[in-house]
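Predicted model, so just to flag it, every value in this text is computed and none were measured. Just the heavy atoms: all of them, side chains too, but no hydrogens, waters or symmetry mates, feed the values below.
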Amino acid sequence: MPAVESSEPEVRTATGRVRGRREGGLAVFRGIPYAQPPLGKARFQAPRALRAWDGVREAYEFGPPAPQDANMGGRSDNGLFSGTGDDWLTVNVWTPAPDPAARRPVMVWIHGGAYKHGFSGSPGYDAQHIARDGEVVFVSLNYRLGIEGFASIEGAPANRGFLDQVAALEWVQENIAAFGGDPDNVTILGDSAGAGSIASLMVMPSATGLFRRAIGQSLPGTFFSDALAQDVGAAIAAEAGLRPTVKDLGGVDPRKLPAIGHALQEKMRLHENRWGQLSHTLTLFSPVVDGEVLPVTPWQGLARGAGRDVELIIGHNRDEWRTFFLFGNLFGNITREQAAEALRHFGPDGDGERIYREAFPDTSDEDLFELVQTDWLFRMPAQQLAEAQAAGGGKAYLYELAWQSPGMGGRLRACHGLDGPLLFGTYDAHLGPVAIGPEHTAEAAVLTSQIRTAWTSFAATGDPGWPAYDSEGRLTRIFDTEPSVVAYPEETSRQLWQNHSFQAMPLLGS
């Protein structure tokens, strides 16, 4: 925890005064509520406006994490995301100075976590370096996760986690000037499920006008049709012997619901005949294309011009799925049969095994297992989102993080989640200790400078430092020890997927 300085800063928000801390030349405010706790009659509903308070509210500590299942492919958070209290819907602000005249660029971070876990107060999201070095006002937020935020429930709006994010962005519009930020210059950014949130917000009518720019790091391509989401919701409720209604699920303690979802997740393969590819993934939750909150997929919406007024950075890491080798202890354990199964399930056009083995003839089974899932889940969704944004008349900037992380003897490569420690400079949190290690922080700092400079420059001016993407040149920024700008580097994969369209996943047999 940074040293606390004297003369604690105070800011008047629309609902009352808050008092933060001075830390390392910044004013830091933690755990400011942006909506009422979503409990009682507010459970499973759209977030409700805050009530004003009297006096000064201390904003010293992060608000509690939303209830969540933090197990991911054998990985547990060891209690990091457990907490008490019901004020899940909070924001945190790092600012060089809470001066209303400053009008600094604003960056709003939306954390990832497979739409089922994560916490804005995690040590890996300490934004002090970004706010200080980039001269920006940095905001992070909590939102509802898992069953509370994304399960399809009768009597509840879909995508409640996204509705929370919209409420937080409305809070930013109303209050950020008092913290020294410019509400007319807001950039939203996030990684993994946070990037899925970013892409969704770009095509959500309720989010229109709440931000000017967007950055999506490692966008996952999974979106549910309404029919699939309802079937999954029914299966979740049935796991507890309940109906998928607000009344039934509302009778379960919100901190006990994640265990119900986890129990079903452990046997997703039993639903393969109805859920298809979903049953082979690591989460029960994804954005729901419900036709109202989220009317279309991001690829459809951007191609139709929904993001024309929003400048976008979108990209991926070169070897995304290597992280899940780590979580599942899969290094050196992939058989030819497992590779063949992955190629069949995740390759394009139902002929993935043949086309991948022909396109990558000298690639090992382990690398093919990783490659097809990296392409299906992360790389091709990002590349096609850049295509869609350009086709719709918007501006997109594409990147690839290619730096081969030195941890674990180099086995993780440019894995999923590596961009987080590099952006925030938090090498001792999240994947940092494993992928980077204390002996390689000097090399990591080179990547940190590249990424952070590009992101903060983009937030300030709209220019990240490389040309915008177009369907002819496909220019892509490569983040590596020797950075470059080249034609899209994963051309073989792009050609395999060029006729594939990322749609909402259907309910099979419906």
Side-chain angles (χ1 to χ4, degrees), residues 31 33-50 62-72 77 80-91 110-122 141-168 190 192-194 196-197 200 206 224 226 229-230 232-240 242-265 282-288 290 292-294:
Y34 64 82
Q36 293 182 36
L39 296 172
K41 292 182 179 181
R43 184 99 179 266
F44 302 121
Q45 302 304 313
R48 299 190 178 186
L50 273 177
F62 293 111
Q68 57 192 268
D69 171 16
N71 185 284
M72 174 68 95
D77 72 342
L80 176 63
F81 299 145
S82 60
T84 59
D86 301 324
D87 278 325
W88 312 328
L89 306 184
T90 60
V91 296
I110 301 176
H111 69 74
Y115 304 102
K116 68 171 187 170
H117 69 88
F119 174 40
S120 66
S122 173
L141 60 101
N142 289 344
Y143 57 99
R144 279 174 286 181
L145 303 164
I147 298 172
E148 297 288 334
F150 291 96
S152 182
I153 300 172
E154 184 180 331
N159 301 302
R160 296 171 297 281
F162 290 164
L163 296 178
D164 294 344
Q165 295 170 12
V166 168
S192 195
S197 301
S200 298
S206 61
F224 291 174
D226 197 43
Q230 289 184 34
V232 173
I236 290 170
E239 186 69 26
L242 302 170
R243 297 171 301 165
T245 65
V246 167
K247 181 178 179 181
D248 274 27
L249 290 171
V252 181
D253 186 312
R255 290 178 179 81
K256 293 182 179 178
L257 272 184
I260 296 170
H262 182 72
L264 177 61
Q265 184 180 303
L282 299 174
T283 179
L284 284 169
F285 308 102
S286 281
V288 181
D290 67 307
E292 185 174 347
V293 175
L294 183 60

S.K.: Output all residues satisfying side chain to side chain contact (heavy atoms under 4.5 Å, CB included) with Pro254, sequence neighbours left out; order by chain, then residue number.
M.R.: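 Listed in chain order: Leu39, Arg43, Pro67, Trp88, Glu148.
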
S.K.: With rounding to the nearest 0.5 angstrom, report the CG to NZ distance, Asp69 to Lys116.
M.R.: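 Atom-to-atom, Asp69:CG and Lys116:NZ are 4.0 Å apart.
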
S.K.: Looking at residues at least two apart in the chain, or sitting in another chain, which of them share a side-chain hydrogen bond (donor to acceptor under 3.5 Å, both in side chains) with Ser197?
M.R.: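 Ser197 satisfies side-chain hydrogen bond (donor to acceptor under 3.5 Å, both in side chains) with Gln165 only.
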
S.K.: Tell me, please, which residues at least two apart from Glu154 pass salt bridge (Lys or Arg N to Asp or Glu O under 4.0 Å).
M.R.: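 Listed in chain order: nothing, the list is empty.
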
S.K.: How far apart are the closest heavy atoms of Gly63 and Phe119, and which atoms are they?
M.R.: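 Closest pair (atom of Gly63, atom of Phe119, distance): O-CE1, 3.1 Å.
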
S.K.: List the steps, then state whether side-chain contact (heavy atoms from CB on, under 4.5 Å) holds for Leu257 with Gln68.
M.R.: CA-CA 8 Å; Leu257 272 184; Gln68 57 192 268; over 6 Å; no

S.K.: Could you work out, with salt bridge (Lys or Arg N to Asp or Glu O under 4.0 Å) as the rule, every residue matching Arg48, not counting sequence neighbours?
M.R.: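 Salt bridge (Lys or Arg N to Asp or Glu O under 4.0 Å) check on Arg48 returns nothing, list empty.
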
S.K.: List for me each residue that meets side-chain hydrogen bond (donor to acceptor under 3.5 Å, both in side chains) alongside Glu292, sequence neighbours excluded, and say none if there are none.
M.R.: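 If we apply the side-chain hydrogen bond (donor to acceptor under 3.5 Å, both in side chains) test to Glu292, skipping adjacent residues, there are no hits.
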
S.K.: Evaluate the side-chain proximity of Leu242 to Leu249: yes if any heavy-atom separation is below 4.5 Å, no if none is.
M.R.: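 Touching, per the 4.5 Å side-chain cut-off.
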
S.K.: Does Phe285 offer a backbone N or O that forms a donor-acceptor pair with the side chain of Thr283 under 3.5 Å?
M.R.: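 Pair found, side chain donor or acceptor close to backbone of Phe285.
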
S.K.: What closest approach, in Å, do Ala46 and Leu163 show between heavy atoms, and which atom pair accounts for it?
M.R.: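 Reported closest heavy-atom pair: CB-CD1, 4.0 Å.
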
S.K.: Between Val293 and Ala158, what is the shortest heavy-atom contact and its length?
M.R.: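 That would be CG2-O, 3.6 Å.
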
S.K.: Looking at Val166, is its backbone amide N or carbonyl O close enough to the side chain of Tyr143 to form a donor-acceptor pair, meaning the two atoms are under 3.5 Å apart?
M.R.: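 Between the backbone of Val166 and the side chain of Tyr143 there is no qualifying donor-acceptor contact (under 3.5 Å).
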
S.K.: Among residues at least two apart in sequence or on other chains, which ones pass side-chain hydrogen bond (donor to acceptor under 3.5 Å, both in side chains) with Ser286?
M.R.: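 Per chain and number, Ser286 pairs via side-chain hydrogen bond (donor to acceptor under 3.5 Å, both in side chains) with Thr222.
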
S.K.: Measure from the side-chain N and O atoms of Gln36 to the backbone N and O of Ala49, and report whether any donor-acceptor pair falls under 3.5 Å.
M.R.: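 Looks like yes, one N/O pair under 3.5 Å.
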
S.K.: Could you work out, with side chain to side chain contact (heavy atoms under 4.5 Å, CB included) as the rule, every residue matching Ala234, not counting sequence neighbours?
M.R.: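 So Ala234 forms a side chain to side chain contact (heavy atoms under 4.5 Å, CB included) with Pro244.
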
S.K.: Between Asn159 and Leu294, which heavy-atom pair has the shortest distance, and what is it?
M.R.: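 Asn159 and Leu294 have their closest heavy atoms at ND2-CB, 3.8 Å.
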
S.K.: Could you check whether any side-chain heavy atom of Ser120 comes within less than 4.5 Å of a side-chain heavy atom of Asn142, counting everything from C-beta outward?
M.R.: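 Yes. Closest side-chain heavy atoms under 4.5 Å.
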
S.K.: With Ser152, which residues qualify under side-chain hydrogen bond (donor to acceptor under 3.5 Å, both in side chains), at least two apart?
M.R.: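 Ser152 satisfies side-chain hydrogen bond (donor to acceptor under 3.5 Å, both in side chains) with no other residue.
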
S.K.: Once rounded to the nearest 0.5 Å, what's the spacing between atom CD1 of Ile153 and atom CG of Asp248?
M.R.: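 Rounded to the nearest 0.5 Å, the CD1-CG separation comes out at 10.5 Å.
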
S.K.: Taking side chain as C-beta onward, heavy atoms only, is Pro157 less than 4.5 Å from Gln45?
M.R.: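 Touching, per the 4.5 Å side-chain cut-off.
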
S.K.: Checking Asp87 now: which residues fulfil side chain to side chain contact (heavy atoms under 4.5 Å, CB included) with it, not counting sequence neighbours?
M.R.: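 So Asp87 forms a side chain to side chain contact (heavy atoms under 4.5 Å, CB included) with Pro37, Arg57, Pro64, Thr90.
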
S.K.: Could you work out, with salt bridge (Lys or Arg N to Asp or Glu O under 4.0 Å) as the rule, every residue matching Arg144, not counting sequence neighbours?
M.R.: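 Arg144 satisfies salt bridge (Lys or Arg N to Asp or Glu O under 4.0 Å) with Asp164 once adjacent residues are dropped.
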
S.K.: How would you list, by chain and number, every residue that makes a ring-ring contact (aromatic ring centres under 6.0 Å, His included) with Phe162, sequence neighbours excluded?
M.R.: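 Phe150.
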
S.K.: How far apart are the closest heavy atoms of Gly118 and Leu145, and which atoms are they?
M.R.: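 The pair with the smallest heavy-atom distance is O-CD1, 3.7 Å.
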
S.K.: If I take atom CD1 from residue Ile147 and atom CD1 from residue Ile260, how far apart are they, to the nearest 0.5 angstrom?
M.R.: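 Going from CD1 on Ile147 over to CD1 on Ile260, the span is 6.0 Å.
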
S.K.: Under the ring-ring contact (aromatic ring centres under 6.0 Å, His included) rule, collect the residues that match up with Phe224, sequence neighbours excluded.
M.R.: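 Counting only residues at least two positions away or on another chain, Phe224 forms no ring-ring contact (aromatic ring centres under 6.0 Å, His included).
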
